Structures are given as C-alpha cells and as structure tokens.
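Please read these numbers as outputs of a predicted model, since none were measured by experiment. In what follows, every chain begins at residue 1, and chains take the letters A, B, ... in the order their sequences are listed.
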Amino acid sequence: MAAISAILIVLIAIWPINNTLAVAATSDYGIDALFKFMLYFAAPIFVFVNGYVLYFARRYKHRRDEPADAVGIPLYGVVPLEIWWTVLPALLMVVLGIWSAVTLFGLYKPQAGALNVEAIGHQWKFELRYPGLKSSFYGDFYLPIDRPVTMNITSADVVHSFWVPQFRVKLDMVPGMVQQLHFTPTQIGNYPLVCTEFCGIGHGDMRTTVHVVSQADYDKWFSGEQQQVAAASASAGALNLAAGVVSKGQAIFEQKCAVCHNMAGFAQKKVGPGLQNIFSDPAHPKLVDGSAPTPEDVAGIIEKGYSGDIGVMPNAQANGLSSSDVANLVAYLKSQSK
Amino acid sequence: MSTDTIEILRRTEAPIHPAPESFVRKYIFSIDHKVIGVQYFIVSGLMILLSGLFAEAIRVQLTAPHNTFLTPQQFDEAFTFHGTLMVWFGAIPMVTGAFGNFVMPLQIGARDVAFPWLNMFSFWTFPPAVLILLSSLAFGAPNSGWTEYPPVSLQAGVGIVFWTTAVFTVGIGATLTALNFLTTVIKMRAPGMTFTRMPLFVWASAVTAVLSLVATTALASALGSLFLSHVFNVPFYDPSRGGTVVLFQHMFWFYSHPAVYILIIPVFGIVSEIIPTFARKPIFGYKLIAFSTVSIALLSFMVWAHHMFTSGLGPWVTLPFMILSMLIAVPTGIKIFSWTATLFGSNLRLTTAMLFVLGFLSTFTIGGITGIMLASVPVDWHEHATYFLVAHIHYVLFGGTLMGVIGGVYYWWPKVTGRLMSESLGKWHFWLTFIFFNATFLPMHFVGLLGMPRRVAYYDPAFQGLNLFISISAFLLAGSFLLLFVNAFWSLKKGAAAGPNPWGARTLEWMIPSPPPYYNFKETPEVYATPYGYGEPLPYSAPYNSVSTTPTY
C-alpha cells in the first residue's frame with residue numbers, strides 16, 4: 001500500500017495541470033499547488049483505507065470450516081493508535097489551513113497599476129464596461145496580457161457568477177454589492193467566461209469569450225472601439241418602424257422568438273405567452289397603462305426586455321437583435337394580428 | 001407515586017395497552033412507533049424513487065449539449081424537484097422517521113417513544129406536505145433548485161409559495177420528531193443502559209435530534225422570508241429597496257449545513273451497528289466514535305458560510321469558516337479509521353448489508369477528501385458551483401447516506417418483516433450499484449474541474465463525451481435498483497422465516513421475535529454492559545439473555 005501511495009504521489013507530482021486545463025492568469029496564486037498538495041495526502045488516505053478494507057476482508061473472512069459461532073478478537077480499542085489518528089489529521093489540517101489562509105489573502109490583494117473593468121451580470125449575458133469607452137460590451141471582450149486586472153463585479157437582477165476556468169478564480173455577481181476580483185492574464189488565448197450561479201432559464205447559455213491579447217492588439221482593439229462609438233453616435237441608428245418587412249420579421253421570429261413563444265393565442269404558452277393578435281386580442285393582458293399596446297410599445301418591450309408577472313424576457317441586445325430586426329419583428333407581429 | 005413504585009413498575013410487568021383492532025387504528029392512524037417507522041419508510045422510499053426519476057430526466061437531457069428532450073424551464077423544475085424531494089422528503093424522513101422510529105426505541109428497551117400520539121402527528125404532516133409540493137406541478141412549479149436563492153426564485157411565480165409551504169410543513173414534523181426522540185433517549189432507556197452502554201445508532205439518533213431541533217428554526221425563517229417576499233412583496237431581498245440578497249443564504253445554510261449532518265449522522269449509526277455484527281467483534285474505539293459524533297454536530301453549526309465562499313464575505317469572514325470546516329475532517333477521519341480498524345482480527349461475514357457498508361467506507365472516504373478540497377477557499381473559488389461540487393455531494397449523500405441506508409434496509413429487513421431477503425440477489429445488487437455509482441459520479445469531478453457549471457440545461461459541446469458516459473452509467477445505476485425491489489417482493493412472498501436473530505447480533509432489538517410484538521418488551525429489560533461484547537454472555541436480564549447469537553441466515 002505504501003508503494004502504491006508512493007507511485008500515486010510521484011504521478012501527481014509530475015502531472016502538469018497546465019496541460020489538462022491551461023493556466024492563463026497569475027500562477028502565483030498557488031491554487032494549483034494547493035490542489036496538488038491536497039492530492040498528495042488524499043492519495044495515501046484513499047489507498048490505505050481501501051487497501052486495509054480489502055486486505056481485512058480477504059484475510060479475516062469467515063471460512064466454512066470454522067464453527068458458526070466463531071467470533072473475532074475482543075479488541076475494544078488501542079488508545080495510542082486513536083491518539084495518532086486524531087493528532088496527525090489535525091496537524092495536517094493546520095498546515096493546510098495556514099497555506100490556504102496565506103493564499104486567500106493574496107487573492108484579495110489589489111495590484112498596482114491595475115486595469116479597472118466593470119462586469120455586470122444580466123439575465124442572461126455579461127455586460128463589460130471599460131474606462132474610456134462610452135458603450136458597454138455584451139459578449140466577447142479583450143484583456144491585455146501581463147497587466148493586472150481588477151474586475152469590479154455586480155449584478156443588475158439576480159445572483160450570477162463570474163468564472164473563467166483558466167484563470168482559476170470565481171466570484172458571485174450579487175445585486176446590490178460590488179466585489180473585486182484581482183488577476184493578471186499570463187497567456188494569450190481565448191477563454192470562456194461562464195456563469196456558475198443558477199440565474200433562470202437562460203443559465204445554461206450564459207457564456208461568452210474573453211480574449212487575452214498582446215498589449216499592441218489590445219490598444220488596436222481599444223482605439224477601434226473608441227472610433228466605433230463615435231461613428232455610431234454620429235449616425236444614430238434610430239428605430240424606424242415603418243421600414244419593417246414582414247417576411248424578414250417572420251424569419252427572425254422562427255429563428256429566435258419561437259424558442260419561447262408560439263404564434264397562437266395568449267394562453268398557448270411555451271415559456272412566454274403566445275403572441276398572435278397581440279394588438280387586438282382582449283384576452284391578452286394589457287401590457288401598457290391598461291390600454292391595448294401600440295407598435296411602439298411592443299418595440300419597446302422587445303428592445304428593453306421584460307420582467308414582471310408573466311415572466312422574464314431578455315432584451316434586444318441579449319437576443320442579438322438590431323434596430324431593423326426589431327422593426328421587422330413588429331411588422332410581422334402586426335401582420336399576425338387581426 | 002414514590003420513586004420506588006415507579007422503579008417497580010419499570011422492572012416488572014407494567015400494564016400493557018391492548019393492541020388496536022380496527023384497520024385504521026392499526027395501519028393508518030397508528031401510534032405504534034414500529035408502524036409509523038414503516039409508514040415513513042414507504043412514503044420516503046417512494047419520494048427517493050420519484051426524485052431518482054427526476055435525476056434520470058436530467059441525465060437524458062444532458063446526453064447532448066443542446067438537447068431538446070426538456071425545455072430549460074422543465075429542466076430547471078427537474079433539478080429543483082430532484083434536490084427538494086431527495087433532501088426533505090426522501091433522505092431526512094428515511095434516516096430519522098423510518099430508521100429512527102423503528103430501531104431506536106427497540107435498541108433502548110422501550111415500549112414506544114416518549115410521545116406516541118405526537119409521533120403519529122409528526123408522520124401525518126408528511127403526506128400533506130408531499131401533496132402540496134407535487135400539486136405545484138399543476139400551477140407552475142418552483143424552478144430555482146433546492147436552495148431557491150432569491151431574487152431568481154422570486155421570479156418563478158406561485159411555485160415558490162407551494163415550495164415554502166411544503167418544506168415548512170415537513171419541517172414541523174421533523175422538529176416534533178426531534179423533540180420526541182431526544183426525550184425518549186434521555187428518559188426511556190432501560191435500567192442499566194448508561195450513556196456509554198447505548199448502541200451507537202442511539203447516540204446518532206439523539207445527536208441528530210439536537211441538530212434538527214435547533215437548526216430547523218433557521219430554515220423556518222428563511223422559508224418565511226421568501227414566502228413574505230413573494231406574497232406580500234416585502235423587500236427582504238430587493239437591494240433597490242434596501243434588501244440584502246446574501247441574508248437568505250446565511251439563514252438557509254445555517255439550517256442546511258447541519259441538515260447534511262442530519263442526513264449522515266444516523267447513517268454513521270447504522271454503519272456502527274452493522275460492522276460489529278458481521279465482524280463478530282466489538283466496535284473499535286466506542287467512546288471516540290460517540291464523542292466524534294457529538295463534535296461533528298457542534299462543529300456543524302459553525303461552518304455554514306463555507307457554502308458562500310464566493311458570495312462576497314471577504315477574507316476575514318471566510319477564514320474562520322474555512323478553518324472550522326477543515327477541522328470536521330478530524331472527527332470524520334476518526335470514524336473511518338475506527339470502522340476500518342474494527343475489521344482487523346475479525347471473523348468477517350460478507351453479507352449484502354456488510355458489502356454495502358464496506359462500499360460506504362470506500363465512497364464516503366472520497367466524499368470526505370473532496371470535502372476538504374472544497375473547504376479551502378482558494379481551491380473552492382475554482383470548484384464552487386461546478387460539477388465538482390455535484391460529484392462531492394453525491395459521494396457524500398449517495399455514496400454515504402444512501403449506501404448506508406440500503407445496508408440498513410438489508411440489515412433490519414428480517415426484523416421488520418420476519419423474513420430473510422435473498423443474499424445472492426442482494427450481492428448482485430451491491431456490485432452493480434457500487435460499480436455504476438462510481439462510473440456515474442467519478443467523471444463528474446473532472447467535467448467540473450474542466451469548466452462545466454452545475455444546473456445547466458445546455459453546455460459547452462467540449463464536454464459531450466464525458467456527459468454521455470455519465471448519463472449511460474446513471475441509467476444503469478437506476479436499473480440496478482430493480483434488483484432491490486425484486487428482492488423485497490420476493491422476500492415478502494417467499495423469503496425464509498428469519499427467527500429473532502438471524503445475524504447473531506447483540507443489541508436489544510434482536511432479543512425479541514421478528515417482527516416485534518405490539519408492546520416490544522413484555523418486561524422491561526435490564527442492561528449490565530455494552531452490547532458489543534462478542535463472545536461474552538448477553539448483558540441483559542432474563543428472558544432477554546436467552547436468544548442464540550450464532551448467525552443462522
């Protein structure tokens with residue numbers, strides 16, 4: 001058993017965790033080292049408990065030639081042994097506790113010259129805000145390599161979680177409070193950012209990509225975004241409902257909206273209500289101020305999303321809808337309404 | 001009445017109530033702890049089964065990364081029902097209501113629990129709670145997991161009202177049972193049964209009762225706040241109106257951490273009974289095992305925030321919770337080592353019950369080790385709320401609680417029914433369950449460490465291979481349980497008569513006929529020594545010292 005334990009410990013020692021799951025942020029957190037340390041003592045505990053159970057089960061098994069009333073030895077305990085297996089694990093836990101505590105305080109230490117980024121959880125997308133950029137990102141975002149990052153984390157609605165597996169760190173995005181997560185990306189590459197705290201029906205798809213790039217690429221991306229913001233605000237892609245095309249709206253509806261909505265009466269629910277006759281059906285609850293909705297109201301709901309008695313619907317940005325998409329959808333919904 | 005008179009009444013034939021005659025008083029509104037135990041066993045057994053079916057639905061959905069077997073809404077309901085049913089309606093009533101009720105009073109030589117009528121009332125809070133919970137399926141089911149963290153749980157509509165009401169109702173029964181058991185263990189032990197002569201299952205039942213009694217009140221406040229938030233729009237958990245989201249997590253885990261010990265401590269008791277019986281020797285380190293049970297219970301009230309290491313408590317709050325959580329490894333290790341040491345120098349009988357207990361030793365050790373890993377905050381930051389956590393809890397609750405419970409079923413089945421189960425079928429059941437249990441839950445560690453969060457209806461296609469393997473294993477794991485049902489029905493119809501003591505055990509429940517008579521003990525037994533003295537004469541007064549302790553199965 002000692003030999004098996006030793007072999008396992010050697011295997012664990014030479015196992016490059018980095019190959020199994022890349023480490024793409026500051027490795028001096030010591031999280032992987034801590035994990036390995038725990039595997040070092042886990043392996044012998046597992047091997048010895050199972051080994052002794054198997055060995056005793058074979059060695060002391062009741063044999064047919066023994067009398068039926070045979071009993072084992074009357075051993076009620078061995079005090080020194082019991083002291084050993086109380087004190088040794090306790091000492092081990094003290095070592096582990098001290099190591100963990102030191103690592104823990106390191107995780108909370110802010111780094112000088114850090115890039116401050118805000119991450120806000122929404123149902124069901126991550127919003128990222130950079131200083132110097134006017135608009136937020138919903139989706140892929142970029143971080144420069146080897147520059148400390150302070151991620152300021154919160155949520156706009158329910159509890160989400162910010163986790164990049166390759167960065168090894170995770171904190172919950174809690175509405176009503178801001179947490180800081182400190183890390184330094186150390187490897188160029190694309191990594192998933194996933195939500196791990198259950199946040200509603202879109203939880204499974206609440207993933208995006210963080211691109212860790214060189215400082216030069218980052219600067220290029222950043223200035224490009226600055227220009228885009230300027231261009232966008234100049235042309236002001238306003239919503240033009242009159243330009244909506246029914247057939248295009250139908251295509252978008254079937255591709256996106258139909259996941260949650262039927263084109264049928266209000267009561268024909270999937271996740272949200274059925275949407276036929278949305279402008280005229282008296283069974284349809286009056287969504288706006290007690291009166292039947294106007295096309296502008298419906299466009300507003302598609303754009304801003306909905307959260308209330310009927311359920312929750314993500315907004316246009318989360319659904320990946322442009323202004324013209326919204327106009328097309330409203331045109332299609334109008335065509336399906338008496 | 002003077003103390004002497006009470007003493008005489010206890011020792012000689014105290015008057016016996018006649019057994020009830022009508023079907024309703026006998027089987028439905030019974031006040032007999034044995035019947036109530038069986039009632040709990042049947043209802044909680046059905047709930048475990050139903051919960052398992054929800055788990056299989058989850059596994060069907062996860063065979064493909066974007067499966068359409070369930071909508072996300074249905075998937076969320078499935079894992080909510082799986083967790084809720086398993087914790088409150090399956091496992092807790094099974095280990096306290098079923099095993100505690102049937103076995104504990106017999107083991108202390110009592111005729112019933114302290115408050116038999118209250119015991120009946122406790123049980124009858126249980127079926128209505130089940131109905132309330134299941135009826136929510138017709139009105140909009142709860143769908144935010146068994147933890148129901150607000151604010152997301154408050155978006156779910158009326159389901160949360162059903163959920164809080166159902167769990168609250170079952171909590172009333174659990175609290176009353178705890179009160180009942182604690183009184184029973186303190187006041188109704190047979191003369192001569194000092195605390196250090198109590199069977200270890202009795203120790204476990206008493207400690208569990210303390211946990212239930214203290215912790216369930218915190219759950220009640222958590223449930224109540226959620227109910228008020230939904231029904232009366234009280235802004236406990238709405239930060240825009242001054243609420244604090246994390247408050248719920250504190251109240252919930254102040255109950256739910258002790259609750260995982262409510263789930264496992266009775267199983268420690270079951271294991272501590274089965275091992276000496278089949279090792280044919282005294283349990284190793286009785287006092288340290290009993291003491292470690294008490295210390296686990298004490299520590300369990302001081303570690304709740306280890307479920308919240310990512311919730312934003314900051315380093316100085318998480319630190320003590322981390323240290324205390326790690327400390328639990330010490331008493332848990334004592335138990336594992338003592339059980340293993342009991343096998344040394346034994347005359348081992350590898351019955352089905354014993355195999356399940358040896359399987360428990362193996363799988364629970366893994367669950368304990370991953371528990372230490374999760375206790376270390378920096379490592380927890382990577383592992384929290386991923387499939388690693390799912391693997392850990394299933395190694396503890398399936399590999400621990402359920403393995404021990406099945407062992408207990410095989411062990412006490414002859415006492416309850418008077419008939420033996422098939423050992424060969426039982427051994428098949430053990431090996432299939434043990435193999436497919438590990439095939440199901442071991443890969444979950446890896447898929448979690450590699451980056452798959454829990455509670456997701458859709459996942460990154462990179463994890464499809466492992467998930468498919470896990471799902472197939474889970475279906476086979478469910479299939480292995482058919483053998484248990486076949487065995488149970490076969491035994492009821494055709495099983496051989498068990499006799500009072502088929503395993504040659506030495507605790508008091510085996511000193512009376514199987515199934516036990518209505519009044520358990522016609523005369524109150526006297527106890528002279530620990531029950532685990534294998535090879536010595538039975539330490540009980542006549543006529544309870546005449547049963548053969550030679551295994552006869």
Q: Quick check on B/Val379 against chain A: is it the side chain, the backbone, both or neither that has a heavy atom closer than 4.5 Å?
A: both

Q: Please state whether the side chain, the backbone, both or neither of B/Asp460 comes within less than 4.5 Å of a heavy atom of chain A.
A: both

Q: Considering only heavy atoms, which portion of A/Phe41 lies under 4.5 Å from any heavy atom of chain B: side chain, backbone, both, or neither?
A: side chain

Q: Parallel, tilted or perpendicular: which describes the rings of A/Tyr60 and A/Tyr55, with under 30° parallel and over 60° perpendicular?
A: perpendicular

Q: Who wins among B/Gly345, B/Gly451, B/Gly504, B/Gly314 for the most heavy-atom pairs under 4.5 Å with chain A?
A: B/Gly345

Q: Can you confirm whether B/Arg454 sits close enough to B/Thr386 that some side-chain heavy atom of one is under 4.5 Å from a side-chain heavy atom of the other?
A: no

Q: Counting only heavy atoms closer than 4.5 Å, note whether B/Ile336 contacts chain A via side chain, backbone, both or neither.
A: side chain

Q: Is any side-chain heavy atom of B/Thr80 closer than 4.5 Å to one of B/Trp146?
A: no

Q: For B/Leu343, is it the side chain, the backbone, both, or neither that has a heavy atom closer than 4.5 Å to a heavy atom of chain A?
A: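 For B/Leu343, heavy atoms of backbone and side chain both lie under 4.5 Å from chain A.
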
Q: Per the side chain to side chain donor-acceptor pair (under 3.5 Å) rule, what does the pair list look like for residues 338-351 of chain B, sequence neighbours excluded?
A: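 Those involving residues 338-351 of chain B are A/His62-B/Asn347, A/His62-B/Arg349, A/Glu66-B/Asn347, B/Ser272-B/Trp339.
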
Q: Can you pull out the residues in residues 71-80 of chain A with any heavy atom less than 4.5 Å from chain B?
A: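 So far as heavy atoms go, A/Val71, A/Gly72, A/Ile73, A/Pro74, A/Leu75, A/Tyr76, A/Gly77, A/Val78 are the residues that approach chain B to under 4.5 Å.
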
Q: Considering only heavy atoms, which portion of B/Met373 lies under 4.5 Å from any heavy atom of chain A: side chain, backbone, both, or neither?
A: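 It is both, since atoms from each part get that close.
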
Q: Please look at A/Leu81 and chain B and tell me whether the side chain, the backbone, both or neither of the residue comes under 4.5 angstrom of a heavy atom of that chain.
A: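 Only the side chain of A/Leu81 comes within 4.5 Å of chain B.
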
Q: Using non-hydrogen atoms and a 4.5 Å limit, figure out which bit of A/Val53 sits close to chain B: side chain, backbone, both or neither.
A: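 Both parts, backbone and side chain.
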
Q: Of the backbone (N, CA, C, O) and the side chain (C-beta and beyond), which part of B/Ala329 lies under 4.5 Å from a heavy atom of chain A, both, or neither?
A: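 Side chain only.
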
Q: Answer yes when A/Arg168 and A/Asp32 have at least one side-chain N-carboxylate O distance shorter than 4.0 Å, and no when they do not.
A: yes

Q: Of the backbone (N, CA, C, O) and the side chain (C-beta and beyond), which part of B/Ile334 lies under 4.5 Å from a heavy atom of chain A, both, or neither?
A: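 Both parts, backbone and side chain.
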
Q: By a 4.5 Å heavy-atom criterion (distance strictly below it), what part of A/Glu82 contacts chain B: side chain, backbone, both, or neither?
A: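 Both parts, backbone and side chain.
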
Q: Under a 4.5 Å heavy-atom cut-off, does chain A meet the side chain of B/Pro276, its backbone, both or neither?
A: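 Neither part.
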
Q: For B/Glu536, which atoms come within 4.5 Å of any heavy atom of chain A: side chain, backbone, both, or neither?
A: side chain

Q: Please flag which part of B/Leu449 lies under 4.5 Å from any non-hydrogen atom of chain A: side chain, backbone, both or neither.
A: both

Q: Could you look at A/Trp85 and say if it's the side chain, the backbone, both or neither that has a heavy atom under 4.5 Å from chain B?
A: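 Backbone plus side chain of A/Trp85, per the 4.5 Å heavy-atom cut-off to chain B.
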
Q: Given that the side chain runs from C-beta out, which part of A/Thr20 has a heavy atom under 4.5 Å from chain B: side chain, backbone, both or neither?
A: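 Its backbone and side chain both get close to chain B.
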
Q: Do the numbers put B/Arg506 on top of the ring of B/Tyr534, so that NZ or CZ is under 6.0 Å from the six-membered ring centre and no more than 45° off the axis?
A: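 So B/Arg506 does make the cation-pi contact.
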
Q: Could you tell me which portion of B/Tyr286 (side chain, backbone, both or neither) has an atom closer than 4.5 angstrom to a non-hydrogen atom of chain A?
A: backbone

Q: For B/Ile283, is it the side chain, the backbone, both, or neither that has a heavy atom closer than 4.5 Å to a heavy atom of chain A?
A: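 Backbone only.
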
Q: Looking at B/Tyr237, B/Tyr459, B/Phe446, B/Trp381, which has the largest count of heavy-atom pairs under 4.5 Å with chain A?
A: B/Trp381

Q: If I measure from the heavy atoms of chain B, does A/Met93 come under 4.5 Å with its side chain, its backbone, both, or neither?
A: both

Q: B/Phe75 and side chain to side chain contact (heavy atoms under 4.5 Å, CB included): which partner among B/Asn67, B/Ile58, B/Asn143?
A: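 For B/Phe75, the side chain to side chain contact (heavy atoms under 4.5 Å, CB included) test succeeds with only one of B/Asn67, B/Ile58, B/Asn143, which is B/Ile58.
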
Q: Please classify the contact between B/Phe278 and chain A as side chain, backbone, both or neither, with a heavy-atom cut-off of under 4.5 Å.
A: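 Contact with chain A involves no heavy atom of B/Phe278 at all.
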
Q: So for A/Leu181, is it side chain, backbone, both, or neither that comes closer than 4.5 Å to the heavy atoms of chain B?
A: side chain

